[in-house]
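A note on names: the letters A, B, ... follow the listed sequences, proteins ahead of strands, and every chain is numbered from 1.
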Amino acid sequence: MQAIRQLISNTVVMPATDIDTDQIIPARFLTTTSRDGLGSRLFHDWRFKTDGKPNPDFILNQPQASGCEILVAGRNFGCGSSREHAPWALLDFGLRAVISTEIADIFRSNSLKNGLLPIVVDEKTHAWLIGHPGVEIRIDVEQSTVSLPNGSSAIYPIDEFARYCLLEGVDQLGFLRKHSDAIAQFEETRPWKP
Amino acid sequence: MSINAPKTLFEKVWSQHLVKDETPQTPAILYIDLHLIHEVTTPQAFTLLREKKLPVRRPDLTLGTMDHSTPTTPVRSFKDLAVVGESAANQVVRMQENCKDFGLQLYGFESENRGIVHVIGPELGATQPGKTIVCGDSHTSTHGAFGALAFGIGTTEVGHVLATQCLLQRKPKTLAIEVGGTLGRGVSAKDVILAIIGQIGVDGGTGHVIEYRGAAIEAMGMDARMTVCNMSIEAGARAGMIAPDDTTFTYLKGRPRAPAGTEWNDAVVRWKALRSDPGAAYDRTISIDGTGLSPMVTFGTNPGMVIPVNDPVPDSGSDPSFRKALNYMQIAPGKPLSQCPVDVVFVGSCTNSRISDLQQAADIMRGQKVAKGVRMLVVPGSQQIKKEAEALGLDRIFVESGAEWRESGCSMCLGMNGDTVPSGQLSVSTSNRNFEGRQGIGARTILASPMTAAASAIAGKVTDPRPYLLDS
Ligand code: SF4
């Protein structure tokens, strides 16, 4: 995973609540055995009409979305399935952060494993961001802050370890494997065996 | 917390699996007793293992099946896989190779134990009280019905578990949901969990492990308890759990992977200690009354948009997400769904494809016909359930009424295997997600119980099953 210390980008806004992983990437694209190239499937059924042509009404097809790395979405983004294809698709498309008032547990965990920032902000900050699509904002991972162009800045909650992993680009499997002895000892000494 | 403080079921299972407890700086290292794998969420994890030249640490605690992208028409040879498309066939072949190369047991096409991953774990007796169980699949919450701590993980974490048998986890919060009373006739576990999600919302359980308790839960059989725990994720919860009791033990006894002999007796003693202690504290508690519940149906595009089957669809004014959902569903507020003509009925999925689900649907279908123009698909959760249902003659009831009887698999729950609902058609489904396009591009899904689905198939529109029961 690539380390990430800060992100400065314009936002793209999708105000809908409860955007689920079946919208982020529909199940029929999960037959892949690789994690690459999923960006072309991101929000597929919202982005493309049934004839395969881009839907001009969808925000990601509009010129102002181009180059934006921060997605601001309605409450409970990423609910639904555990498919890691969702953050893979977002990242492959070029997004680096998702901001909402609530982010579903598994999606959040999957995002952190891949260096996609899942950022939960307070209602007021969120409402401002929804109301000002396209503004340039700054996310500082070290300080855990989102800074808005109106001069205000909000601290977002993040697990200490998650923040450390993002900042250092830590490979969590490597971290776990350093505890191999403790794992072996647990297996030896537990009172019952599965 | 002191050692003697009363503990919840969740806390007991959690603390028994701590290789290392969490600190402010580092998450806990949680040991995993059973790792279930399927073809869709594992290939990239195996690629990682190959790249890093790592073996699977505990092949004996890993169990694989193929369910998502597999056809539900009989597969006699690998040529038959072509029906689901080249990439799905490739995924299935890769799953076979990965399991072979890493020495993992796979319940593949040749196996009479193949089925939906959350159906076969319990069926084989691999799912047991007090275990930690994970799978790259959000409906792993199903296994919590046995008093296991079971939750879905992503593919990176699948790699972690394959390589280390452990996960890095922060301790979740706890939510107790007390379901009191007695369910009426025609009201089932599906209606209970839909009503719960309607009450707490699709994010009501975020960050929490739910423990379901109370008289209505205790009265349920294991199939019904699995239905309830299965949809915990639909409330956003990490997991759902139910304390194991005699119902649990009776279900498990004699199953191929359950303990036997003196080990069985020891296990039962251990399992009996897994109930939440009196006075144990939860972060939140809510209660619902089971006695007053009606059959429930969804009307929108998430499982929290749910109403009693005869109630009018609510109006949420100008809320854009609500409007968008009704628009997609082509449903107007103010009227009950009972006038909505149905095109497809799907009985299946890890929520409702077990023997008692099929039995409940068959009891309504017996001697009846699927309405003209309605396609009904009945997909058992596993090959074992298929066999059991056929021994009971349920397949004949379905086929004689005009429904299709299939091989096991996920099928129309997520439409990855070619079983899809055509665009614009309305489907009454016993599965767990009514998301846009879940059952096929443009498909409109109404979630319901097997009884409601069966009654709707006969009537050709969304229908309360209770009158059909009175007739029988
Ligand atoms: S039946 Fe549906 S929800 Fe269950 S595991 Fe299969 S795809 Fe997932």
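- Among the candidates A:Asn114, A:Asp20, A:Ile106, A:Asp45, the residue making the largest number of heavy-atom pairs closer than 4.5 Å to chain B is A:Asp20.
- Atom CD of A:Gln6 is surrounded by more than 12 heavy atoms from other residues, nucleotides or ligands within 6.0 Å.
- With a threshold of 4.5 angstrom between heavy atoms, B:Arg257 does not approach chain A through any atom at all.
- No other option in B:Arg270, B:Arg433, B:Arg438 has as many heavy-atom pairs under 4.5 Å with chain A as B:Arg270.
- Contacts between B:Leu34 and chain A at a heavy-atom distance below 4.5 Å are absent for every atom of the residue.
- Taken to the nearest 0.5 Å, the OG1 atom of A:Thr17 stands 11.0 Å off from the CZ atom of B:Phe322.
- Within the 4.5 angstrom heavy-atom criterion, no atom of A:Gln185 approaches chain B.
- A:Arg28 places a side-chain heavy atom less than 4.5 Å from the side chain of B:Ile441.
- If you measure heavy-atom distances from A:Gln23 to chain B, the contacts under 4.5 Å come from the side chain alone.
- Other residues, nucleotides and ligands contribute at most 12 non-hydrogen atoms within 6.0 Å of the OH atom of A:Tyr164.
- With a 4.5 Å cut-off on non-hydrogen atoms, A:His85 touches chain B through its side chain but not through its backbone.
- Residue A:Ile103 touches chain B through its backbone alone, counting heavy-atom pairs closer than 4.5 Å.
- For B:Asn302, the part lying near chain A is the side chain, with the backbone staying farther off; criterion is any non-hydrogen pair under 4.5 Å.
- How far CG of A:Asp105 is from OG of B:Ser138: 11.5 Å, rounded to the nearest 0.5 Å.
- Atom CG of A:Asp171 sits about 8.0 Å away from atom CG of B:Leu48, to the nearest 0.5 Å.
- Contacts between A:Ser34 and chain B at a heavy-atom distance below 4.5 Å involve the backbone alone (N, CA, C, O).
- Contact tally against chain A (heavy-atom pairs below 4.5 Å) for B:Asp137, B:Thr41, B:Asn432: the top residue is B:Asp137.
- Your options are A:Ser81, A:Ala16, A:Pro26, and the one with the most heavy-atom pairs under 4.5 Å with chain B is A:Ser81.
- Of the inter-residue distances, the one linking A:Leu176 atom CG with B:Leu167 atom CG reads 7.5 Å to the nearest 0.5 angstrom.
- The backbone N or O of A:Thr32 lies less than 3.5 Å from a partner atom in the side chain of B:Gln91, making a donor-acceptor pair.
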Verdict with supporting geometry, B:Gln44 and A:Glu84, side chain to side chain contact (heavy atoms under 4.5 Å, CB included): CA-CA 10 Å; B:Gln44 298 87 349; A:Glu84 202 160 316; over 6 Å; no
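- Of the inter-residue distances, the one linking B:Cys166 atom SG with A:Leu173 atom CG reads 11.0 Å to the nearest 0.5 angstrom.
- A:Asp36 does not touch chain B: none of its heavy atoms, backbone or side chain, sits under 4.5 Å away.
- Contacts of B:Arg238 with chain A are made by both backbone and side-chain atoms, with heavy-atom separations under 4.5 Å.
- For chain A, the nearby part of B:Leu54 is the side chain; its heavy atoms alone come within less than 4.5 Å.
- Counting all heavy atoms, side chain and backbone alike, B:Thr164 lies closest to A:Ile183 at O-CG2, 3.7 Å.
- Under the 3.5 Å distance criterion, with hydrogens and angles disregarded, no donor-acceptor pair is assigned to the side chains of A:Thr31 and B:Ser69.
- Residue B:Glu263: no heavy atom, backbone or side chain, is found under 4.5 Å from chain A.
- For chain B, the option among A:Arg35, A:Glu102, A:Gln172 with the highest count of heavy-atom pairs below 4.5 Å is A:Glu102.
- Remark: A:Phe161 CZ to B:Arg170 CZ distance equals 8.5 Å, nearest 0.5 Å.
- Of the listed residues (B:Asp203, B:Val19, B:Thr206), the one with the most heavy-atom contacts under 4.5 Å to chain A is B:Asp203.
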Intermediate values then yes/no, side chain to side chain contact (heavy atoms under 4.5 Å, CB included), A:Glu187 and B:Arg57: CA-CA 12 Å; A:Glu187 285 172 329; B:Arg57 183 182 176 94; 2.8 Å; yes
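- Nearest heavy-atom pair across B:Ile233 and A:Gly80 is CG1-O, 3.9 Å.
- A 6.0 Å sphere centred on NZ of A:Lys53 holds no more than 12 heavy atoms belonging to other residues, nucleotides or ligands.
- Using a 4.0 Å cut-off between a side-chain N of Lys or Arg and a carboxylate O of Asp or Glu, A:Arg190 and B:Asp33 qualify as a salt bridge.
- Ring geometry for B:His17 versus A:Trp192: interplanar angle over 60°, hence perpendicular rather than tilted (30 to 60°).
- Between A:Ser82 and B:Gly136, the shortest heavy-atom distance links the atoms OG-C, 3.4 Å.
- Proximity to chain A is limited to the side chain of B:Ile29, based on heavy atoms less than 4.5 angstrom apart.
- Using a 4.5 Å heavy-atom threshold, the side chains of B:Pro24 and A:Glu160 count as separate.
- Using a 4.5 Å cut-off between heavy atoms, B:Pro320 does not touch chain A at all.
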Residues B:Met416, A:Leu30; criterion side chain to side chain contact (heavy atoms under 4.5 Å, CB included); working and verdict: CA-CA 8 Å; B:Met416 265 188 89; A:Leu30 307 185; 3.8 Å; yes
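- Counting non-hydrogen atoms of neighbouring residues, nucleotides and ligands closer than 6.0 angstrom, the CG atom of A:Leu167 exceeds 12 such neighbours.
- Contact count versus chain A (heavy atoms, under 4.5 Å) is highest, among B:Leu414, B:Thr420, B:Asp266, B:Leu168, for B:Leu168.
- Within the 4.5 Å cutoff, no side-chain heavy atoms of A:Arg177 are placed close to those of B:Lys52.
- Contacts between A:Arg75 and chain B at a heavy-atom distance below 4.5 Å involve the side chain alone, from C-beta outward.
- Of all the listed residues (A:Pro15, A:Pro191, A:Ala182, A:Ala27), the one sharing the greatest number of non-hydrogen pairs under 4.5 Å with chain B is A:Ala27.
- Interface remark: A:Thr21 contributes no atoms to any contact with chain B (heavy atom separation under 4.5 Å).
- Heavy-atom pairs under 4.5 Å with chain A were tallied for B:Ile153, B:Thr140, B:Asp60, B:Thr47; the largest tally goes to B:Ile153.
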